[in-house]
Amino acid sequence: VAWEARQSITSIRQFERPDLLRLFDRADDIRDRPSAYADAATPYVLATLFYEPSTRTRLSFEAAMMRLGGKVISTENARAMSSAVKGESLADTIRIVSGYADVIALRHHEEGAAALAAAVASVPVLNAGDGPGEHPSQALLDAYLIYRRRGSLDGLTLTFVGDLAYGRTVHSLALLLTHFHDVTVRVVAPESLGLPTALAAELARRGVTVMPFSRLEDACRHADVLYVTRIQTERLPADLDPDAARYTVDPGVLAALPAHAIIMHPLPRVAELPPTVDADPRAAYFEQARGGLFVRMALLLRALGLD
Ligand code: ASP
């Protein structure tokens with residue numbers, strides 16, 4: 001299944017390799033020639049409907065729409081400030097917003113919410129994070145950074161560390177990597193926060209080598225990318241108390257990581273990635289976030305049927 005123009009994005013599974021490369025090329029062109037796109041989406045309206053906190057995802061979707069000349073309507077705290085408080089169902093809200101906007105970016109606390117919304121919407125719904133499920137646009141911008149830096153995602157060795165159970169960005173990025181050859185994913189997580197077994201099995205079945213490590217330093221040797229994630233404290237079951245500080249990017253980790261590698265993080269970062277790492281030439285997370293603007297502009301163009 002390829003991601004066609006005007007379609008919703010509920011999962012990164014919709015993207016095939018040609019869709020990815022095409023999107024990266026478009027993002028590059030937007031980055032190089034922003035003025036050529038300044039009026040591309042002038043008559044259109046994006047609705048951002050966010051039931052969970054966000055800084056980057058919501059603002060970059062909104063900035064992306066505005067930089068295409070489009071307009072934005074927004075509910076940044078829909079859980080508390082929309083008719084959800086009055087008991088309106090997500091399905092009803094989406095039906096209504098479909099009548100106001102040409103495309104909807106939805107973030108919701110429940111896994112599967114984007115699929116439910118896409119099923120009832122009359123305009124494309126872009127999954128901007130569905131609970132512990134997926135975060136497709138984040139995976140696309142993550143892959144875009146690696147692609148720009150390395151020129152390819154084939155032959156990649158990537159180390160995921162942190163909360164691989166509830167960290168949705170990891171789920172989407174790992175699935176995206178199945179479209180590339182000879183990819184190795186090393187995983188380092190507190191015991192109860194490992195990669196979901198069904199996902200690990202799917203990755204293996206689809207040709208990705210998954211290798212668990214217990215020491216982060218060991219997992220960093222010869223790696224091309226260190227992808228650090230935050231413990232998703234807001235999603236953990238109440239009885240689960242992982243040692244959140246167990247894995248941090250400390251001097252030992254930096255010494256083990258090759259000079260050519262890059263350090264990524266979907267942000268927000270807390271204890272796992274100290275600000276002292278920012279001065280390291282391998283720190284790439286701010287550039288990673290910046291690229292999200294161009295990737296989301298490319299996504300909006302195609303979602304609106306303009307590309
Ligand atoms: N901002 C990312 C997300 O929404 C990562 C995180 O919150 O830790 O999934």
Side-chain angles (χ1 to χ4, degrees), residues 9-12 48-64 74-79 104-115 117 125-146 158-176 187-190 192-196 199 225-237 240 242 244-249 263-275 277 283-293 295-296 299:
I9 302 173
T10 56
S11 167
I12 198 69
T48 52
L49 197 54
F50 275 57
Y51 291 79
E52 269 195 342
S54 168
T55 302
R56 277 150 295 278
T57 305
R58 187 173 63 84
L59 292 181
S60 69
F61 262 119
E62 295 182 357
S74 180
T75 305
E76 63 168 307
N77 185 6
R79 215 166 167 175
I104 299 171
L106 172 71
R107 169 166 292 187
H108 200 273
H109 41 280
E110 281 165 23
E111 185 166 356
V125 173
L126 309 180
N127 181 1
D130 62 330
E134 280 210 46
H135 197 341
S137 64
Q138 177 75 44
L140 294 167
L141 74 89
D142 292 344
Y144 177 59
L145 176 81
I146 302 170
L158 182 149
T159 300
F160 281 121
V161 61
D163 184 348
L164 313 187
Y166 298 94
R168 56 195 172 195
T169 74
V170 167
H171 304 164
S172 290
L173 180 56
L175 286 167
L176 183 156
V187 291
V188 190
S192 43
L193 299 179
L195 211 57
L199 178 61
V225 175
L226 170 59
Y227 191 101
V228 188
T229 67
R230 174 179 71 87
I231 305 289
Q232 307 283 295
T233 41
E234 71 274 38
R235 302 192 201 290
L236 302 189
L240 203 144
R246 179 156 160 213
Y247 293 110
T248 42
V249 181
I263 304 169
M264 298 177 65
H265 193 304
L267 304 176
R269 48 98 177 259
V270 280
E272 70 282 350
L273 183 57
V277 180
Y285 26 94
F286 295 118
E287 185 189 339
Q288 178 186 353
R290 166 97 179 125
L293 180 68
V295 167
R296 290 185 172 118
L299 284 176

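Residues: numbered from 1 along the sequence shown. In listed order, ligands and their atoms are each counted from 1.
Under the 6.0 Å distance and 45° angle rule, Arg107 does not count as a cation-pi partner of Phe50.
The closest heavy-atom contact to atom 7 (O) of ligand 1, among the options Gln232, Arg230, Glu52, His265, comes from Arg230. Considering only non-hydrogen atoms, atom 2 (C) of ligand 1 lies nearest to Leu267 out of Val270, Thr229, Leu267.
The closest approach between a heavy atom of Pro268 and any atom of ligand 1 is below 4.0 Å. At least one heavy atom of Arg107 sits less than 4.0 Å from an atom of ligand 1.
The protein heavy atom nearest to atom 4 (O) of ligand 1 is Arg168 NH2, 2.8 Å.
Counting heavy atoms from C-beta outward, Leu299 and Pro136 have side chains that stay 4.5 Å or more apart.
Between the side chains of Thr48 and Glu62, at least one donor N or O sits under 3.5 Å from an acceptor N or O. Between the side chains of His109 and Arg235, no donor-acceptor pair is found at a separation under 3.5 Å.
The aromatic rings of Tyr227 and Phe160 sit perpendicular, their planes meeting at an angle over 60°, well past the 30° parallel limit.
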